Amino acid sequence: LTNLSQLAVEDNMISHLTGLTKLTSLLELYLGTNRLDNLKEVNNLRTVPRLIILDLSGNPLCKDKDYRLYSIYHLKKLKVLDGVSIDTQESLKAKETFTGKMSP
């Protein structure tokens, strides 16, 4: 699994994002329409060093007003989130919003 570059696990009732640390080559992760409801689950993806494309659309955590900026801030290498490119302005806004705030 260490050479896996894409993983698509949509519609699988996934509720936690632990155990991904060995996916060191993962570039794209598709987790749409699962049961992820805690925004802090995004932090578990910080251990995936090459992740640049992430899709969490359709999960309950996406309803959080800070979802997108929180994800961009904590996953600094992301280029695309939920099919939408992340631009410089959005990265700066995420940094302004979350720098200095306590969040694991």
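Because the structure is predicted, anything quoted here is derived from the model rather than measured.
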Roughly how far, to the nearest 0.5 Å, is [atom2] of [Y] from [atom1] of [X]?
X     : Y     : atom1 : atom2 : result
Asp66 : Ile72 : CG    : CD1   : 11.5 Å
Ser71 : Asn43 : OG    : CG    : 9.0 Å
Leu78 : Ser85 : CG    : OG    : 11.0 Å

### Query
Looking only at atom types and distance, does a side-chain atom of Ser15 sit under 3.5 Å from a main-chain N or O of Arg35, one as donor and one as acceptor?
no

### Query
Hey, is NZ on Lys77 packed in by over 12 heavy atoms from elsewhere, all under 6.0 Å?
no

## Note on the structure
Closest non-hydrogen contact found for Leu69 with Thr97 is CD1-OG1, 3.9 Å

### Query
Val80 and Leu75: same hydrophobic cluster, using ILVMFWY side-chain contacts below 4.5 Å?
no

### Query
Are Ile86 and Ser91 close enough that some pair of their side-chain heavy atoms sits under 4.5 Å apart?
yes

### Task
Check whether any side-chain heavy atom of Asp37 lies under 4.5 Å from a side-chain heavy atom of Asn59, and answer yes or no.
no

### Query
Apart from Met13 itself, what residues make up its hydrophobic cluster when side-chain heavy atoms of I, L, V, M, F, W and Y under 4.5 Å apart count as a link, directly or indirectly?
none

With sequence neighbours left out, write down each residue that passes side chain to side chain contact (heavy atoms under 4.5 Å, CB included) with [X], or none if nothing qualifies.
X     : answer
Thr33 : Asp11
Ser5  : Leu27
Glu10 : Ala8, Tyr30
Asn12 : Val9, Ile14, Asn34

### Query
Excluding sequence neighbours, so at least two apart, what forms salt bridge (charged side-chain N to carboxylate O under 4.0 Å, His left out) with Glu90?
Arg68

### Query
Cation over ring, Lys95 on Phe98, under 6.0 Å and within 45°?
no

Under 3.5 Å, which donor-acceptor pairs do the side chains of residues 16-23 form with other protein atoms, sequence neighbours left out?
| residue | atom | partner | partner atom | Å |
| --- | --- | --- | --- | --- |
| His16 | ND1 | Glu41 | OE2 | 3.0 |

#### Entry: Set of residues satisfying side chain to side chain donor-acceptor pair (under 3.5 Å) with respect to Asp82, sequence neighbours excluded
Tyr67

Atom pairs and distances, side-chain donor-acceptor, residues 47-55, under 3.5 Å, sequence neighbours left out:
| residue | atom | partner | partner atom | Å |
| --- | --- | --- | --- | --- |
| Thr47 | OG1 | Asn44 | O | 3.1 |
| Asp55 | OD1 | Ser57 | N | 2.9 |
| Asp55 | OD1 | Ser57 | OG | 2.6 |

